[in-house]
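One structure below.
All ligand and atom numbering here is 1-based and tracks the order in the structure. Values reported hereafter were calculated over all heavy atoms of this structure, with side chains retained and with hydrogens, waters and symmetry mates removed. Since this is a predicted model, take the numbers as computed values, not measurements.
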Amino acid sequence: MRALVTGGAGFLGSHLCEHLLSCGWKVVCVDNEATGTRRNIHHLINNGDFEFLRADVSSDGLKYNGSLDYVLHLASPASPPDYLRLPIETLRVGSYGTYNALQVAEEKKAKFLLASTSECYGDPEISPQPETYWGRVNPVGPRSVYDEAKRFAEALTMAFHRARGLDTRIVRIFNTYGPRMRLNDGRALPNFVYQALTGKPMTVYGDGSQTRSFCYVSDLIEGIHRLMQSDEHNPVNIGNPQEVTILEFAQRIKELTGSQVPIVFEPLPQDDPKQRCPDIGKARQLLNWEPKVPLHAGLERTLQYFREQLGILASAAPGRDRP
Ligand code: NAD
Ligand code: UDP
């Protein structure tokens with residue numbers, strides 16, 4: 001089996017490449033390093049079953065000469081500060097990038113999987129969110145560059161399935177964390193960990209009563225693998241339904257690190273969802289999947305990674321404030 005993974009040098013993409021290789025697959029990783037880095041796949045480069053192609057899937061298209069069994073489309077900025085900094089690029093990769101990836105899958109007669117997001121539900125009126133909920137998205141707000149790009153990508157994927165008979169899957173990923181998140185990607189977990197480990201105040205936005213549900217990366221990858229092997233074409237939520245407020249989340253990280261830093265409150269970004277929790281009934285029933293890694297265990301593993309990163313970077317570049 002050979003899979004082409006767009007965004008394979010990113011946080012989730014690198015774990016997916018690694019997982020597929022460990023299953024005996026060949027992997028072609030395509031990435032332009034917009035928000036990822038080849039350091040994430042450094043340990044795979046000498047593997048004969050792994051190829052890295054540096055390309056922008058939105059503009060260069062996707063050219064690959066060999067056969068492919070799967071195209072897994074993960075390329076897209078994912079952290080709010082990243083997509084707010086790269087608004088046009090985010091819309092381009094959700095639209096042109098998804099179109100190019102779908103076309104390669106069609107040409108190669110490969111199966112296609114879209115990495116979609118819980119952001120399709122926007123700031124939801126119901127919780128937990130089932131796949132049948134259509135969402136509440138501000139189409140012109142700052143977050144729309146990501147939310148609407150992903151909603152368009154889902155619509156395009158379903159159109160290729162219905163009109164062209166392409167064998168497609170859509171995974172709606174809820175907040176996922178783990179090693180290889182960028183320390184400076186601006187998401188809650190890297191921010192809190194970085195702040196706690198380096199003695200800076202932990203910045204909770206708003207009053208911290210908004211909720212998220214954090215899934216450890218190995219659980220997500222297992223869910224994606226099972227979805228790839230299923231026959232389901234409609235979206236499937238993959239996430240951990242253990243919901244926490246962001247203030248509780250900051251406090252958990254503060255306790256785990258043993259840090260004494262203060263928690264400070266900063267303005268809530270516009271359209272920040274008040275609650276987010278996956279209904280995983282469909283994944284349970286269809287894929288016999290549910291998350292296995294409890295929050296404290298996942299956080300311990302992630303902290304270990306960030307400690308190593310900070311140690312390595314501190315000795316490699318003394319005086320550098322932030323990687
Ligand atoms: P990431 O930023 O670490 O990885 C995205 C990768 O895509 C990066 O390596 C980046 O360089 C690459 N990329 C971006 N634009 C590209 C382009 N035009 N051409 C080629 N490569 C490009 O983010 P992540 O957290 O690993 O997210 C991966 C996917 O999963 C994204 O599609 C994201 O929307 C989705 N997702 C992630 C989460 C999460 O919690 N991590 C939640 C929901 C959805
Ligand atoms: N957040 C926070 N402090 C930070 C970064 C984020 O309080 O330093 C909040 C953010 O406003 C949101 C939640 O934490 O309510 C999760 O943010 P993240 O960027 O991780 O992901 P999102 O779910 O918003 O895409």
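Scanning all heavy atoms of the two residues, the minimum distance from S230 to R169 falls at O-NH2, 2.7 Å. Across C17 and V27, no two heavy atoms sit closer than the pair SG-CG1, 3.7 Å. Minimum interatomic distance between Q270 and G141 (heavy atoms only, all atoms of both residues): NE2-CA, 4.3 Å.
With 3.5 Å as the limit, one finds no donor-acceptor pair spanning the side chains of E300 and H296. There is no side-chain donor-acceptor pair under 3.5 Å between E89 and S58. Between the side chains of E107 and Q103, no donor-acceptor pair is found at a separation under 3.5 Å.
Checked by distance only, ligand 1 and N32 come closer than 3.5 Å through their nitrogen or oxygen atoms. Taking only nitrogen or oxygen atoms, main chain and side chain alike, R276 reaches within less than 3.5 Å of ligand 2. Inclusion of R212 in the set of residues having an N or O under 3.5 Å from an N or O of ligand 2 is warranted. Residue-to-ligand polar distances place F11 within reach of ligand 1: an N/O pair is separated by less than 3.5 Å. Checking only distances, V30 never comes within under 3.5 Å of ligand 1, N or O to N or O. Distances between N or O atoms of L12 and those of ligand 1 include at least one value under 3.5 Å. At a 3.5 angstrom cut-off on N or O pairs, L74 counts as close to ligand 1.
Nearest protein neighbour of atom 5 (C) of ligand 2, counting heavy atoms only, is Y205 CE1, 3.3 Å. The closest protein non-hydrogen atom to atom 2 (O) of ligand 1 is T35 OG1, 2.6 Å. Annotation: atom 14 (C) of ligand 1 to nearest protein heavy atom, S76 N, 3.6 Å. Atom 3 (N) of ligand 2 has T203 O, 2.6 Å as its closest protein atom, hydrogens excluded (heavy atom only).
Within the structure, the closest approach of D31 to ligand 1 falls below 4.0 Å when heavy atoms are considered. The shell of residues lying under 4.0 angstrom from ligand 2, judged by heavy atoms, excludes A78.
Note on K26 versus D49: salt bridge recorded, some NZ/NE/NH1/NH2 to OD/OE distance being below 4.0 Å. Ion pair K150/E119 not flagged as a salt bridge, since none of the NZ, NE, NH1 or NH2 atoms sits closer than 4.0 Å to an Asp/Glu carboxylate oxygen. Salt bridge R252/E248: absent, no basic N to carboxylate O contact under 4.0 Å.
Between F112 and H73, the ring-plane angle classifies as tilted under the 30° and 60° cut-offs.
Distances below 4.0 Å separate heavy atoms of G186 from the following atoms of ligand 2: 5 (C). Those atoms of ligand 1 with a heavy atom of E33 less than 4.0 angstrom away are 11 (O). Annotation for ligand 1: atoms under 4.0 Å from non-hydrogen atoms of S58 are 18 (N). For ligand 1, the atoms closer than 4.0 angstrom to any heavy atom of K150 are 31 (C), 32 (O), 33 (C), 34 (O). The contact set between ligand 2 and N175, taken as ligand atoms under 4.0 Å from a residue heavy atom, comprises 21 (O), 22 (P), 23 (O). For ligand 1, the atoms lying closer than 4.0 Å to a non-hydrogen atom of D56 are 17 (C), 18 (N), 19 (N). When each atom of ligand 2 is checked for a heavy atom of D272 under 4.0 Å away, the hits are 10 (C), 11 (O), 12 (C), 15 (O). Those atoms of ligand 1 that come under 4.0 Å of a heavy atom in A9, given as number and element, are 9 (O). Ligand-side atoms of ligand 2 in range of V204: 7 (O), range being under 4.0 angstrom from any heavy atom. Heavy-atom contacts of N191 reach the following atoms of ligand 2: 4 (C), 5 (C), 8 (O) (cutoff under 4.0 Å).
When heavy-atom distances to ligand 2 are checked against a 4.0 Å cut-off, F192 comes that close only through its side chain, counted from C-beta outward. Contacts between P269 and ligand 2 below 4.0 angstrom, taking non-hydrogen atoms only, involve the side chain exclusively. With a 4.0 Å cut-off on non-hydrogen atoms, P80 touches ligand 2 through its side chain and not its backbone. With a heavy-atom cut-off of 4.0 Å, I246 touches ligand 2 through its side chain alone. Residue L189 does not touch ligand 2, judged by heavy-atom distances below 4.0 Å. Looking at A55 against ligand 1, only its backbone comes within 4.0 Å, counting heavy atoms.
Across R143, Q195, M202, Q210, heavy-atom proximity to atom 25 (O) of ligand 2 is greatest for R143. With T176, I173, L62 as candidates, the residue nearest to atom 42 (C) of ligand 1 on a non-hydrogen basis is I173. Counting heavy atoms only, V57 comes closest to atom 19 (N) of ligand 1 of the residues V57, N175, N40. The closest heavy-atom contact to atom 36 (N) of ligand 1, among the options Y146, Y177, F214, Y83, comes from Y146. With distances taken over non-hydrogen atoms, the option nearest atom 17 (O) of ligand 2 out of P267, A188, G206 is A188. Comparing G178, A115, S116, A78 against atom 44 (C) of ligand 1, the shortest heavy-atom distance belongs to S116. Relative to atom 25 (O) of ligand 1, the option among R54, H15, R187, R92 with the closest non-hydrogen atom is R187. Of the candidates A34, G10, A149, G36, the one placing a heavy atom closest to atom 4 (O) of ligand 1 is G10.
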Determine whether D272 and R212 satisfy the following criterion, salt bridge (charged side-chain N to carboxylate O under 4.0 Å, His left out), listing intermediate values before the conclusion.
CA-CA 11 Å; D272 197 283; R212 293 295 185 272; 3.1 Å; yes
Chi angles and distances behind the salt bridge (charged side-chain N to carboxylate O under 4.0 Å, His left out) call for R54, E33
CA-CA 8 Å; R54 195 177 196 284; E33 298 184 80; 2.8 Å; yes
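Here the two rings, on F214 and F249, have centers that are under 6.0 Å apart.
Cation-pi contact between R301 and Y216: present, with separation from the ring centre below 6.0 Å and deviation from the ring axis of at most 45°.
A side-chain donor-acceptor contact under 3.5 Å links Q129 to the backbone of C277. The closest donor-acceptor contact from the side chain of D82 to the backbone of P77 lies at 3.5 Å or more, if one exists at all.
Partner E125 forms a side chain to side chain contact (heavy atoms under 4.5 Å, CB included) with one of Q275, K274, R136 and no other, that one being R136.
The local environment of CD in Q285 is sparse, with at most 12 non-hydrogen atoms from other residues, nucleotides or ligands closer than 6.0 Å.
Annotation: side chain of N234 is in contact with side chain of M158 (closest heavy-atom distance under 4.5 Å). In this structure the side chain of P80 reaches within 4.5 angstrom of the side chain of R187, judged on heavy atoms. Within the 4.5 Å cutoff, side-chain heavy atoms of D219 are placed close to those of W289.
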